[in-house]
Structures are given as C-alpha cells and as structure tokens.
Protein chains: 2
Amino acid sequence: MRKDAQQNRDKILTAAVHLFESQSVETVSMKDIATAAGIGPGTLYRNYPNKSALCLDVSLVDIQAFVDDAHDYLAQTTDTAIAQFEQVLTRYLQFRERRLQLLASIENGATVMATYYQSDLYQQLVAVFMQVLKPLSGDLKIGELKFRADMLLAMLKSNSYAYQRQQGLTRADLLANLSRLMIKKGTQN
Amino acid sequence: MRKDAQQNRDKILTAAVHLFESQSVETVSMKDIATAAGIGPGTLYRNYPNKSALCLDVSLVDIQAFVDDAHDYLAQTTDTAIAQFEQVLTRYLQFRERRLQLLASIENGATVMATYYQSDLYQQLVAVFMQVLKPLSGDLKIGELKFRADMLLAMLKSNSYAYQRQQGLTRADLLANLSRLMIKKGTQN
DNA sequence: AATATAAACGGAGTCGGCTCCACTTGTCAA
DNA sequence: TTGACAAGTGGAGCCGACTCCGTTTATATT
C-alpha cells in the first residue's frame, strides 16, 4: 500500500468520526465526509464500498470495547449465572443505544452484514453470549448454544427492536422474558 | 376520495405487481412504476410515501393469505403440538422465501415497519404463532407468549436470516433448534 | 349549466449514494 | 537521477428516491 493511500484512509476515519459526533449519521453525506477529509468521493469509495462499510469501520473499536469489557466483567464477577446474563445483556443494550444510528446504518447494508457475520469480532460477540447462556441452559450441544446466541443478537438488531416497539415493554421486561426463556429449571448456577 | 384518485391507486397497484413479477424489486424504480401506471411521480408519492410502503401494500394480500391458510390448517389438523409448530413455521418460511425481495424492501423501511407493527394484520400474525407456541410452553402469561412470538418474527426478518447466514444451518436445523428452545419438557401435545 | 374550490395531478428539480475514467504521483529498477 | 508504470486520485456525472408547486379537474352548490 502506498503511503499517501494510508494517510487518506486515516483522514477518512477521523473526518467521519468527527462528523458523526456533531450531526446524525443520516444527515452526514458521503460527500461531506470526503470534503472534510480533503479528498474526492472516488477516493472515499475506493476505501469503503458504501456508507454502511464506513460506519462499520467507525464502530469496530466500540464493538471490540464492548467485548473486552464483557470479558473483564466475566473474569472477575462472582454474580449468579442469571445475574451475569442480565448484566451482559444490559451492557450490550446500553452499548447499542449509545451507537444506535451507526448500528442502524450498518445493519441496513446487507452485503456489509454478510461480511461482518464472517468476522472474528462477530464470533467473539457470539462467544460472549454463549458463555453467559451456557450455565442457564442445561447441557446443550455447542451448535445449539451458538444458535441461541445468534438468535439473541438477531432479535436485538435496530430494525427489529422487538422490545422497544411493543409499546410498554421496558428493558427490565425484556430481561425477564429472555431469562425465563433461556433458563432450564434446576440448572442455573 | 375523488373517483380518479381511486382509479390511480388501483393502477399503481396493478402496475407495481406486474413489474415486480417481471423484474427484481430492487431494479424496479418508482419512476418505472409511475410510468407504467400512466401517472407522474408526484401522484405515486401522494399515494405511497415511499417504496417500502408500496411494497407493503403489494404484500398485504399475501400476508393475509398466509394467516388465513395457517388458521385453516390449525382448525382441521390432528397433528401433535410440536408438529403444528413446525408445520406453521415451515409454511411461514416458505412464504418468506417466495416474497423475499418484497419483504426485504419493506423491512428496510423503518417508518413503514413502525406502522406495520401497529396493524391488525401483524397482530393476527403474532396471534397465529402464539397459538402454536402456547401448548409447547407450559402455562405462560399472555404477555410472555406474545413476547416469544414477536421474538420469533424478529429473528426471521430478512436482514437477520440467522439461519441462512450461519453457513450450513438448514431449515430442519432451525426447526429443531427452535423446538428445543420453546418446548418445556412434559407439557407438549 | 355555471362557478367556486378543494382535491388531485405531474413533471421539473433536489439531493445523496455511487461509478467511471482521464489524470497524477509514489515507488522501484536500472 | 531518471524513467516506467502500477497505484492511487478526484470530480464530473449517473441514477433513483423523493419534494415542490403551478396547473388541472371532479364535484358540490347554486
């Protein structure tokens, strides 16, 4: 990779982060980002095939931070299995709310999501949820556990928001419902 | 409503259905539809605020057909509860595959989805799944049952496709995983 | 039938995502 | 150092979703 190309990549990311901080993601156009980075639209698009991909790259660090935070928490906690599940879920929901717009933009991009699902980071995310689901679920084959973690992440996507839309379903209700669903009686903690 | 306005509404729907049959939904532009219907873009957009809304209207009849079909099946079946659950889910997945493109377009429109969730039709859809989930789940409060039905629908949305992306998860696997999750031992059938 | 008017029309125009390609520049071999 | 060329650039331009508004028309009233 040429040195100037690397510099441009950095400039894009910095510009995008700044713009996304000062305006809503939707109202920031790709042209705005290119201009702020001091480059042309063509260059922007050679680095990122579409807006969703750029949003994903901007968010990567935050997603990784969530995963790391969850690992730290799980490494040192003495909470019950249920409390761990609820704790991790709560943090995930908080993270999602903080990055609502970026995540919505990412999740609307079908091709971007397809590659994201293949990524190591997404597998780490799944692994975190598998870890907290495992003690709740009795003895489950690994594939089944993975399925449940995957399902959880799918239903919490921004375009779903089962719990937000269903008027009057609070986060506490969501947690309670999910716990009840995932817990096999007699096997927790 | 003026008579000519009603006629235009009909023409739009007919034109849209025809075009969606002969090309992919994505490649049909709103202008194409307007032209085929013999009206201007302005008129099209007065009837449907966006493409997603039009796609939803085109799909309404199919969704209703699925609901009716499921009701008919449930009214006359003697299958076990598990078989009923799998039967209804299978038909739903088949319906979704048949209308993949339309549903994807609908589900990408956040505002359209928000109103769809409020609609009677969506409530009917939820009710169908509540009906097949109920005998699997032991005694659940109505709210909890509704939550699970909602969750199911959310995870099966086109932009999720948990099962398709997770390479090598067949429809049979999906059914098996969901059954295992939803069945409370000792209460099925 | 004539008229007033609200309802509806349609197409020119805006805006944003994205592409294409003629041009520039960093790099490396000689 | 210089020349060749792959790598990279940037902006004009396309296309499609969606809006705005001056014009037309159905219909209710007289």
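Only a predicted model underlies this, so the values are computations on that prediction, with no experimental measurement involved. Proteins get letters first, then strands, A, B, ... in listed order; numbering begins at 1 in each.
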In whole angstrom, what separates [X]'s [atom1] from [N]'s [atom2]?
X: A/Gln6; N: C/dG26; atom1: CD; atom2: P; value: 15 Å
X: A/Leu54; N: C/dG16; atom1: CG; atom2: C1'; value: 15 Å
X: A/Ile33; N: C/dC18; atom1: CD1; atom2: P; value: 11 Å
X: A/Leu44; N: D/dT9; atom1: CG; atom2: P; value: 11 Å
X: B/Lys51; N: C/dG16; atom1: NZ; atom2: P; value: 20 Å

Discussion item. Any base atoms under 4.0 Å from B/Thr43, or only sugar-phosphate, or nothing? Heavy atoms, all strands.
Written reply: base
Discussion item. Taking any heavy-atom pair under 4.0 Å as a contact, classify B/Ile39: base, sugar-phosphate, or nothing.
Written reply: sugar-phosphate
Please pick, from [options], the nucleotide with the shortest atom-to-atom distance to any side-chain atom of [X].
X: B/Pro41; options: C/dA12, D/dT27, C/dC18; answer: C/dA12
X: B/Arg2; options: C/dC9, D/dA6, C/dA7; answer: C/dA7
X: B/Asn47; options: C/dG16, C/dT27, C/dC9; answer: C/dC9

Item to complete: Any chance you could measure B/Glu107, atom CD, to A/Asn108, atom CG, to the nearest 0.5 Å?
Response: 11.0 Å
Worksheet entry | Sidechain-backbone polar pair: B/Gln76 side chain, B/Tyr73 backbone, donor-acceptor under 3.5 Å | yes
Worksheet item: Taking the six-membered ring for Trp, are the ring centroids of A/Phe129 and A/Tyr92 within less than 6.0 Å of each other?
Response: yes
Item to complete: Tell me which of B/Tyr45 and B/Asp4 sits closer to the 5' end of DNA chain D, going by the nucleotide each one is nearest to.
Response: B/Tyr45
Practice prompt. Take A/Gly40 and B/Met30, find for each the nucleotide of DNA chain D with the closest heavy atom, and name the residue whose nucleotide sits nearer the 5' end.
Written response: A/Gly40
